[in-house]
Amino acid sequence: MSRRFDRRREIEALDPVRDHQRIYRISMGLEFPWDYKRSLEFALFRTYCVPSISALLAATGEFEHRPQKRYDDTALLIAEMAEHGYDSPRGKEALRVVNRAHGQFAISNEDMLFVLSTFVFDPIDWIARFGWRPLTEHERIAGFQFYREVGKRMNIADIPADFDTFHRFYVDYQREQFVFSDTNKRIGSYTVNLFSSWYPAVTRPLVRKLVHGLLDENMARAFGFSRPPEVVRAGERLGLRARAAVVRLMPPRKDSKLAREPGNRTYPGYPEGYRPSDLGAPPPPDDLDDRWRAPARRA
C-alpha cells in the first residue's frame with residue numbers, strides 16, 4: 001500500500017473534535033501546505049468584497065502603503081497558532097497580537113464572524129477543486145473546530161456550534177453583503193498588485209489576469225473586476241489540477257512548513273530571531289475617522 005496516504009490513515013484514527021489541533025497541523029503543514037497558503041490568501045481576498053470591511057482597510061492606509069507586511073503578519077500569526085497550538089506560549093502571544101490589532105477598530109461581530117468563516121470554508125473549497133486528494137471529513141471538522149476555538153479566544157460572539165450552520169452563515173452572508181463599492185475595488189486592486197509583485201515584471205499582467213480568473217462571479221462583481229474569457233479560466237483550472245496530479249505521485253512530506261519561512265519578505269529568516277509579538281499592525285493613524293475607532297479609544 002502506498003505510503004502517500006499514511007497520514008490520511010493517521011488522521012482517520014484520530015477524533016476530529018478532541019484531536020482537532022493535531023489533525024489541522026498535519027493537514028495544513030504536511031499534507032497541503034501550498035494549497036492552504038493559496039486558499040487562505042483567497043479567503044482574505046474574499047473578505048474585501050464586503051464594503052464595511054474594505055472601507056475600514058482603506059481608511060487605515062495599511063493595504064495601500066504596506067500590503068506585503070499586512071500579508072506576512074496575517075499568514076505568520078495563523079501559522080504560529082496552527083503549528084504550536086492556540087493555547088501554547090507562542091499561540092497565546094499570536095492571539096494577543098491579533099486581538100490588540102482588532103481591538104483598536106470598530107468592527108462588527110458579523111464581519112469578524114464572516115472573516116473567521118472564510119478561514120474554515122475557503123480551504124475546503126479550494127482543496128476540493130485543486131488538492132491532490134480531497135480533505136477527509138475528519139479534516140473538515142477539525143478545521144471548523146480549530147477556528148471555532150480561535151474565534152472564542154478572539155471574543156467573537158455567536159459562533160455556530162456545528163459545521164453546517166456555520167456554512168449556511170458563510171453562504172448567506174456573501175449573498176447579502178457582497179455588493180460593489182469603490183473601497184472594495186481599491187483594496188482588491190492593491191491585493192492583486194501584491195500577488196503579481198512576487199513574479200518577474202514581464203509576467204505581472206498575466207498574473208493579474210490569472211488572479212481575476214480564480215474569482216467567482218459574486219467576487220468579481222463586488223470588486224468591479226472583469227473576469228478573463230472562459231478558455232483562460234479553463235486552462236488555469238487544468239494547470240492547477242495537473243499540479244495536483246504530480247503532487248499525488250510524490251512521497252509524503254517529512255517536515256512541516258508551518259511558521260517556518262526563512263525566505264519571508266518582511267521577516268527574513270523567520271522564525272529565527274522573531275517572536276509573534278514582533279508582528280502586527282501599528283496603531284491607527286492620527287487622522288483616522290472616529291467612526292472606525294473602537295469606542296473606548298475615541299478621543
Side-chain angles (χ1 to χ4, degrees), residues 21 24-45 47-48 57 60-102 104 115 118-119 122-123 126 146 150 154 187-208 210-211 214 243 247 250 253-285:
Q21 292 197 77
Y24 191 63
R25 187 179 305 118
I26 294 170
S27 187
M28 187 180 185
L30 293 167
E31 292 285 78
F32 302 100
W34 188 88
D35 295 281
Y36 270 99
K37 190 167 188 176
R38 299 287 84 78
S39 62
L40 289 172
E41 288 167 0
F42 273 87
L44 287 168
F45 203 23
T47 68
Y48 311 153
L57 295 173
T60 68
E62 286 295 298
F63 273 74
E64 179 178 3
H65 302 297
R66 288 171 287 276
Q68 185 66 59
K69 186 175 189 304
R70 295 284 66 76
Y71 169 86
D72 289 337
D73 287 344
T74 302
L76 291 171
L77 289 166
I78 292 172
E80 286 283 356
M81 289 185 275
E83 173 68 6
H84 301 290
Y86 43 70
D87 285 335
S88 70
R90 288 187 75 99
K92 288 180 177 179
E93 193 175 328
L95 272 165
R96 283 195 295 272
V97 172
V98 171
N99 288 336
R100 182 174 65 243
H102 291 155
Q104 299 176 108
V115 174
T118 66
F119 293 169
D122 274 60
W126 176 281
F146 178 86
V150 169
M154 293 174 62
I187 299 301
S189 297
Y190 296 148
T191 305
V192 173
N193 289 339
L194 170 66
F195 292 165
S196 64
S197 73
W198 301 336
Y199 301 93
V202 69
T203 68
R204 289 173 188 171
L206 175 61
V207 173
R208 293 188 188 98
L210 293 175
V211 172
L214 287 171
R243 174 199 170 273
V247 173
M250 297 170 66
R253 183 180 298 278
K254 293 182 179 179
D255 300 312
S256 175
K257 299 185 72 171
L258 282 176
R260 294 176 180 84
E261 292 197 32
N264 189 278
R265 293 172 173 83
T266 308
Y267 307 98
Y270 196 91
E272 295 300 321
Y274 295 99
R275 297 286 308 178
S277 56
D278 297 318
L279 312 176

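Keep in mind that what you see is a predicted model, and the values were worked out from it rather than measured.
- Taking OG from Ser197 and CZ from Arg208, the interatomic distance works out to 9.0 Å, rounded to the nearest 0.5 Å.
- One finds a salt bridge joining Glu83 and Arg260 here, because a Lys/Arg side-chain nitrogen approaches an Asp/Glu carboxylate oxygen to under 4.0 Å.
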| task | List the steps and the verdict of side-chain contact (heavy atoms from CB on, under 4.5 Å) for Met154 and His102. | result | CA-CA 9 Å; Met154 293 174 62; His102 291 155; 3.5 Å; yes
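- Both cation-pi conditions hold for Arg243 and Trp34: the charged atom is under 6.0 angstrom from the six-membered ring centre and inside a 45 degree cone around its axis.
- When all heavy atoms are compared, the tightest approach of Gly91 to Met81 is O-CG, 3.9 Å.
- The shortest non-hydrogen separation linking Gly85 to Arg25 is N-NH2, 4.3 Å.
- Within the model, atoms OG1 of Thr60 and CD of Gln104 stand 10.5 Å from one another, a figure rounded to the nearest 0.5 Å.
- Separation of atoms CE (Met28) and CG (Leu258) is listed at 5.5 Å; rounding is to 0.5 Å.
- Judged purely by distance below 3.5 Å, without hydrogens or angles, the side chains of Glu261 and Tyr267 never pair a donor atom with an acceptor atom.
- The shortest side-chain heavy-atom distance between Arg96 and Pro276 does not fall under the 4.5 Å cut-off.
- Counting heavy atoms from C-beta outward, Glu272 and Pro262 have side chains that stay 4.5 Å or more apart.
- Between the side chain of Arg204 and the backbone N or O of Tyr199, at least one donor-acceptor pair lies under 3.5 Å.
- By the 4.5 Å heavy-atom criterion applied to side chains, Leu95 and Lys92 are not counted as neighbours.
- Between Ala259 and Ala79, the shortest heavy-atom contact is N-CB, 3.5 Å.
- Residues Tyr36 and Tyr24 place their aromatic rings such that the two centres sit under 6.0 Å apart.
- Checked against the 6.0 Å centroid threshold, Phe146 and Phe119 do not count as a close aromatic pair.
- Within 6.0 Å of the NZ atom in Lys69, the count of heavy atoms belonging to other residues, nucleotides or ligands exceeds 12.
- Note: Phe195 and Trp198 have tilted aromatic rings, judged against thresholds of 30 and 60 degrees for the angle between ring planes.
- Of the candidates Asp72, Asp73, Thr74, Arg70 forms a side-chain hydrogen bond (donor to acceptor under 3.5 Å, both in side chains) with just one, namely Asp73.
- Here Ser39 contributes atom OG and Leu214 contributes atom CG; the two are 11.5 Å apart, rounded to the nearest 0.5 Å.
- Here the rule is side-chain contact (heavy atoms from CB on, under 4.5 Å) with Thr118, and of Thr47, Leu40, Leu44 only Thr47 fits it.
- Across Ala201 and Pro205, no two heavy atoms sit closer than the pair O-CD, 3.8 Å.
- Gln21 contributes a side-chain N or O that, together with a main-chain N or O of Tyr86, makes up a donor-acceptor pair within less than 3.5 Å.
- Within the 4.5 Å cutoff, the side chain of Val192 has heavy atoms near those of the Phe45 side chain.
- When all heavy atoms are compared, the tightest approach of Gly29 to Arg253 is O-CD, 3.7 Å.
- Panel note: side chain Glu93, backbone Ser277; a donor-acceptor pair is recorded below 3.5 Å.
- Panel note: side chain Asn193, backbone Ser189; a donor-acceptor pair is recorded below 3.5 Å.
- The line from CG of Asn264 to OH of Tyr270 is 8.5 Å long, rounded to the nearest 0.5 Å.
- When every heavy atom of Leu279 is checked against every heavy atom of Val97, the shortest pair comes out as O-CG1, 3.5 Å.
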